[in-house]
Amino acid sequence: MLDLLIKNIKHLATPVGNFPKSGKEHGKILEIENAAIAIENGIISYVGSMENAPACKNFIDASENLVTPGLVDSHTHLVFGGWRQHEMELKLNNVPYLDILKAGDGILSTVSKTREATFMELYIKALIIAKDMLSHGTTSFEIKSGYGLDLDTEVKQLNVIKRLQKSFNEDIVATFMGAHAVPNEYKGKNEEYIDFVIEKVLPHVKENNLAEFCDIFCETGVFDVDLSEKLLKAARKLGFKLKIHADEINPIGGGELAGKLGTHSAEHLIAATDEGIKLMADSGTVAILLPATSFYLDKPYARARKMLDENMSVAIASDFNPGSSPSFNLQFCMNLACLKYKLTPQEALTAVTLNAAAAILKEKEIGSLEVGKKADIVIWDCPDLNFLFYRYGNNQAKHVIKKGVLQ
Ligand code: NIG
Ligand code: FE
């Protein structure tokens, strides 16, 4: 028996397939007028024209609405203590992001707050935000650790993520990012800190199955290319899938390393070089671009069009964190993707659904409206796809459905 029929859909838009789209394929999505979607046991059982739709007495009429897959946020730092509103004054005085970190503030001030916070404080704070994300259409997301930088606090953060995975009906993917900054205890001893992470933290995270991916901040004054390579190789040996924060501020070789190692994704890439883009395209690395971070740090926007021209797969995410991107609103990132990256609405939709799902290895289950995939669906307060990308700042999600359940 059918659970729910979404009927008379004015405009249905979805990428199609179980694999990330690259290059020109980003823009080739399925768009149907007067469509329907049927849901059975949380899974999509019909997508197509209204004419051929099965009957069901439970229905939602979407005759004035755009319907798309649920949004997937493939890069967040959702679990953290405190906020960083005191940095506003520094920003207004043009103090650069990396200088704030160098002075022991920035990420390190969030580390202090996260160490101080109890498990329950972190969990409740993250849960409230996750619910807000859901109401904005984000039905699945990734969360990185990296505000502990010691064994206990990294494990505390990862356990919060685990609890969120259990208690929340979302698909949540955990990334271990113990190499997010050098903690004060290891100031000036970057290699010793990486060795500590490799020897003491990574094996514990693996044994307790606390994360699927391992990530590192490859950046001037944080971890250089050699240390990034050392950590990522050790993580791969233990069975982690790899991610890298690369070329966010300075092009020190992070994109090139991602290509050389064939990391699953490379994230930020604001300053990625031509060579880095070529190598990543060859290795099939997914580019996760974070336009809200460019906006908030007042930095250039990543060269998304160049990446598509080189046949890369591009995903777009919020980078939600208390420093460089204090907003989880993926809809705003979609506006920026069109206005700043110059992606078409079709390309940008693929980047926040199917390709974002692929960026966290979930493309077989979510990311498109197709029979057999989870019924993660957004019914928008919009008549068509252009409208969704044209208005900004307000929450345009009207109804959000996660695994077949209306939220
Ligand atoms: O992706 N760049 C490193 N990590 C985050 C920022 C974290 C923070 O400032 O708290 C990012 O931008
Ligand atoms: Fe980040």
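On a predicted model such as this, the values are computed, not experimentally measured, just so you know. Atoms within a ligand are numbered from 1 in the order they appear, just like the ligands themselves.
- No side-chain donor from either of E142 and H75 sits under 3.5 Å from a side-chain acceptor of the other.
- Classification of the H245-H268 ring pair by plane angle, with boundaries at 30° and 60°, yields tilted.
- Within the 4.0 Å heavy-atom cutoff, D319 counts among the residues contacting ligand 1.
- Heavy atoms of E267 come nearer than 4.0 angstrom to ligand 1 in no pair at all.
- What sits closest to atom 6 (C) of ligand 1 on the protein, heavy atoms only, is Y97 OH, 3.0 Å.
- A donor-acceptor pair shorter than 3.5 Å cannot be found between the side chains of T118 and Y123.
- Protein heavy atom in closest approach to atom 12 (O) of ligand 1: S324 OG, 2.5 Å.
- Restricting H75 to its N/O/S atoms, the shortest distance to the Fe ion (ligand 2) is reached by NE2.
- Residue E219 places no heavy atom under 4.0 Å from ligand 1.
- Among all protein heavy atoms, the one lying closest to atom 4 (N) of ligand 1 is H180 NE2, 2.7 Å.
- A cation-pi arrangement is present between K7 and F59 under the rule of less than 6.0 angstrom and at most 45 degrees off the ring axis.
- Taking every non-hydrogen atom of G323 and a distance limit under 4.0 Å, the qualifying atoms of ligand 1 come out as 9 (O), 10 (O).
- For D319, the nearest N, O or S atom to the Fe ion (ligand 2) falls under 2.8 Å.
- Looking at atom 2 (N) of ligand 1, its nearest protein heavy atom turns out to be E248 OE1, 2.6 Å.
- Taking the six-membered ring where the residue is Trp, the centroids of Y296 and Y97 are separated by 6.0 Å or more.
- Those atoms of ligand 1 with a heavy atom of R84 less than 4.0 angstrom away are 8 (C), 9 (O), 10 (O).
- Nearest protein heavy-atom neighbour of atom 10 (O) of ligand 1: Y147 OH, 2.6 Å.
- Taking the centre and axis of the six-membered ring of F213, the NZ or CZ atom of K243 falls inside the cone set by 45° and 6.0 Å.
- Between H245 and ligand 1, at least one pair of N/O atoms sits closer than 3.5 Å.
- A cation-pi contact, defined as under 6.0 Å to the ring centre and within 45° of the axis, is absent between K113 and Y147.
- Using a 4.0 Å cut-off to heavy atoms of N321, the atoms of ligand 1 that qualify are 5 (C), 6 (C), 7 (C), 8 (C), 9 (O), 10 (O), 11 (C), 12 (O).
- A distance below 6.0 Å separates the ring centres of F332 and F295.
- In terms of protein heavy-atom proximity, atom 1 (O) of ligand 1 is closest to H268 NE2, 2.8 Å.
- Within the listing of ligand 1, atoms 1 (O) sit less than 4.0 angstrom from a heavy atom of H75.
- The aromatic rings of F240 and F176 sit tilted, their planes meeting at an angle between 30° and 60°.
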